[in-house]
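This report refers to the structure that appears directly beneath it.
The chain is numbered in sequence order, starting from 1.
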Amino acid sequence: MAACSATQAPSPASTAEASATPVDREPDENVEKDPLLSEAKVPHVVVTEAFITAATPDENVDSPASWRAPDGKRWLIATAKATNRLVVYDGGTGKQVRTVSGTGTALGQMRRPNGIAVIDDLVLVVERDNQRVQVFQLPDFEPLLAFGAEDLKQPYGLWVRPQKDSYEVIVSDNYMSPQDKDLPPPLAELDKRFKRYQLRRVPDGWQATLMDMFGDTTEAGAIRIAESVFGDADNDRLLLAEEDVASGTRLREYGLDGRYRDRDIGADLFKAQAEGMALAKCRDGGGYWIATDQFKDRSVFHVFERRTLEYRGAFAGDKTANTDGVWLDQSVDARFPEGIFYAVDDDQAVAAFDWRDIAKALSLPACRGE
């Protein structure tokens, strides 16, 4: 069965083949000079990482997510773009536990996995080169469904939220100009930047239905380079990372209806490139947005109030750099009693930050998870 073989680590030959693959430049990497925090003079505090997983440069790690197993153990799951698999770590220590999947187009296999999300006992993974989203069920990583291949051209990120009897999945689709793959298409063609699906269980398994497509086409609201998307249903808000440096990297605020709200966040703050986002939700309805500024030497993480989007400051790790995806796990245990923030480190590892250290460094009031 393909699903079973897909959960094994690739053979040494296939690993060597992946290692020899030329670097695949992303559309957001077209800059003449790598931005450096050491030169940008962005005000920030330093928060020491609780741990960083062992570096695996051949994986090309992109995005993390986490899950609490029934036995209470915390799993950290990261996408590996070069080896076309998921890397699973102990979420409390960073020790690698296993790998999942491998190269291919069959259910249970992947090609260029990028964005990842965990909700309940499901893992959703965006595959750029298979032009789809694949759904796995935990704890066995059983492949349940792949969807979106008929609609998606170059998908990267996603955000998932529960509905009454289903899930809503919003996927960013970074299709480029047919004439030049390094350039975004004209504004008028950016109205399908994001695809919205309904994912639900049906009698014979799972089904995903495309509900709509959206994207602003004005000079002010369009998303030219689209990867990270995250939402806050309680405040009817989507934040979309505009990664296009030429037009000004920042976050744009949309409503859950997919309409631009004529508001940008961080236009004067992001000096490298807006990347992965996470949301801390407090029991009183407050909380904090964390958004990445992707400097090559050390990443900066900007923090905003959940309700008002007022700026609260920024932090950086001692080492964590060149971050793509991030994930906030607000579940608690003895070592991380207020949760843990994960951030990819330079395409080869995942860094972990104790939320208590972040809150103390930025003088944030206590935020007990919902």
[X] bridged to [Y] by N-O distance under 4.0 Å:
{"X": "Arg68", "Y": "Asp121", "result": "no"}
{"X": "Asp216", "Y": "Arg259", "result": "no"}
{"X": "Asp329", "Y": "Arg74", "result": "yes"}
{"X": "Lys195", "Y": "Glu150", "result": "no"}
{"X": "Arg335", "Y": "Asp333", "result": "no"}
{"X": "Arg356", "Y": "Glu338", "result": "no"}

For the atom pair [atom1] ([X]) and [atom2] ([Y]), what is the distance rounded to the nearest 0.5 Å?
{"X": "Met277", "Y": "Leu240", "atom1": "CE", "atom2": "CG", "answer": "6.5 Å"}
{"X": "Asp232", "Y": "Glu253", "atom1": "CG", "atom2": "CD", "answer": "10.0 Å"}
{"X": "Thr79", "Y": "Asp324", "atom1": "OG1", "atom2": "CG", "answer": "8.5 Å"}

Worked verdict on Glu39 versus Lys33 for salt bridge (charged side-chain N to carboxylate O under 4.0 Å, His left out): CA-CA 12 Å; Glu39 299 174 355; Lys33 181 181 182 297; 2.9 Å; yes
Kindly determine whether Phe353 and Tyr342 satisfy ring-ring contact (aromatic ring centres under 6.0 Å, His included), including the steps that lead there. CA-CA 6 Å; Phe353 296 85; Tyr342 296 108; 9.5 Å; no
Stepwise, does the side-chain contact (heavy atoms from CB on, under 4.5 Å) test hold for Gln154 with Met176? CA-CA 8 Å; Gln154 193 163 290; Met176 303 301 279; 4.0 Å; yes
Taking only residues two or more places apart in sequence, or in another chain, which ones meet Gln207 in a side chain to side chain donor-acceptor pair (under 3.5 Å)? Arg200
Taking only residues two or more places apart in sequence or in another chain, which ones pass side chain to side chain donor-acceptor pair (under 3.5 Å) with Thr323? Ser299
For residues [X] and [Y], is any side-chain donor paired with an opposing acceptor at under 3.5 Å?
{"X": "Gln134", "Y": "Glu127", "value": "yes"}
{"X": "Asp191", "Y": "Thr217", "value": "no"}
{"X": "Asn130", "Y": "Thr105", "value": "no"}
{"X": "Asp180", "Y": "Ser177", "value": "no"}
{"X": "Thr292", "Y": "Gln294", "value": "no"}
{"X": "Arg85", "Y": "Ser101", "value": "no"}
{"X": "Thr103", "Y": "Arg111", "value": "no"}

Check: [X] side chain, [Y] main-chain N or O, donor-acceptor pair, under 3.5 Å:
{"X": "Thr209", "Y": "Met211", "value": "no"}
{"X": "Lys271", "Y": "Asp268", "value": "yes"}
{"X": "Asp244", "Y": "Thr249", "value": "no"}
{"X": "Arg298", "Y": "Ser38", "value": "no"}

Mind running side-chain hydrogen bond (donor to acceptor under 3.5 Å, both in side chains) on Thr320 and Asp345 for me, showing each step along the way? CA-CA 5 Å; Thr320 306; Asp345 175 35; 4.9 Å; no
Spell out, yes or no, whether [X] and [Y] are grouped together once hydrophobic residues are joined by side-chain heavy atoms under 4.5 Å, including indirect joins.
{"X": "Leu251", "Y": "Leu238", "answer": "yes"}
{"X": "Leu37", "Y": "Phe301", "answer": "no"}
{"X": "Val47", "Y": "Phe336", "answer": "no"}
{"X": "Val326", "Y": "Phe230", "answer": "no"}

Applying ring-ring contact (aromatic ring centres under 6.0 Å, His included), can you list everything that pairs with [X], at least two apart in sequence or on another chain?
{"X": "Tyr175", "result": "none"}
{"X": "Phe270", "result": "His302"}
{"X": "Phe194", "result": "Phe214"}
{"X": "Tyr260", "result": "Tyr254"}

Exactly one candidate in Asp173, Asp212, Asp151 meets salt bridge (charged side-chain N to carboxylate O under 4.0 Å, His left out) with Arg196; the answer is Asp212
Applying the salt bridge (charged side-chain N to carboxylate O under 4.0 Å, His left out) criterion to Asp62, which one of Lys81, Arg128, Arg112 satisfies it? Lys81
Name of the residue among Tyr288, Trp289, Tyr311 meeting ring pair (Phe, Tyr, Trp, His ring centres under 6.0 Å) with Phe304: Tyr311
Contact between Val88 and Leu76 at the side-chain level, heavy atoms closer than 4.5 Å - yes or no? no
Under 4.5 Å side-chain linkage, directly or through intermediates, the cluster mates of Leu199: Ile119, Leu122, Leu124, Val126, Val133, Val135, Leu144, Leu145, Phe147, Leu152, Leu158, Val160, Tyr167, Val169, Val171, Tyr197, Trp206, Leu210, Met213
Run through the side-chain heavy atoms of Ile, Leu, Val, Met, Phe, Trp and Tyr, join any pair under 4.5 Å, and report what else lands in Leu187's cluster. Leu190
Gln163 vs Gln198, side-chain contact (heavy atoms from CB on, under 4.5 Å): CA-CA, chis, key distance, verdict: CA-CA 9 Å; Gln163 304 280 268; Gln198 180 192 57; over 6 Å; no
List in chain and number order the residues that pass salt bridge (Lys or Arg N to Asp or Glu O under 4.0 Å) with [X], two or more places apart in sequence or in another chain; answer none if no residue qualifies.
{"X": "Asp257", "answer": "none"}
{"X": "Arg224", "answer": "Glu219, Glu242"}
{"X": "Glu49", "answer": "none"}

Test side-chain contact (heavy atoms from CB on, under 4.5 Å) on Cys367 and Gln330; report intermediate values, then the result. CA-CA 9 Å; Cys367 177; Gln330 290 188 265; 4.1 Å; yes
Might you point out which heavy atoms bring Gly231 and Leu279 nearest each other, and give the distance in Å? O-CD2, 3.9 Å
Give me the one residue out of Ser66, Ser63, Pro64 that meets side chain to side chain contact (heavy atoms under 4.5 Å, CB included) with Val350. Pro64
Chi angles and distances behind the side-chain contact (heavy atoms from CB on, under 4.5 Å) call for Asp354, Ile340: CA-CA 5 Å; Asp354 190 321; Ile340 184 169; over 6 Å; no
Contacts satisfying ring pair (Phe, Tyr, Trp, His ring centres under 6.0 Å) that involve residues 66-87 (not counting sequence neighbours) are Trp67-Trp75
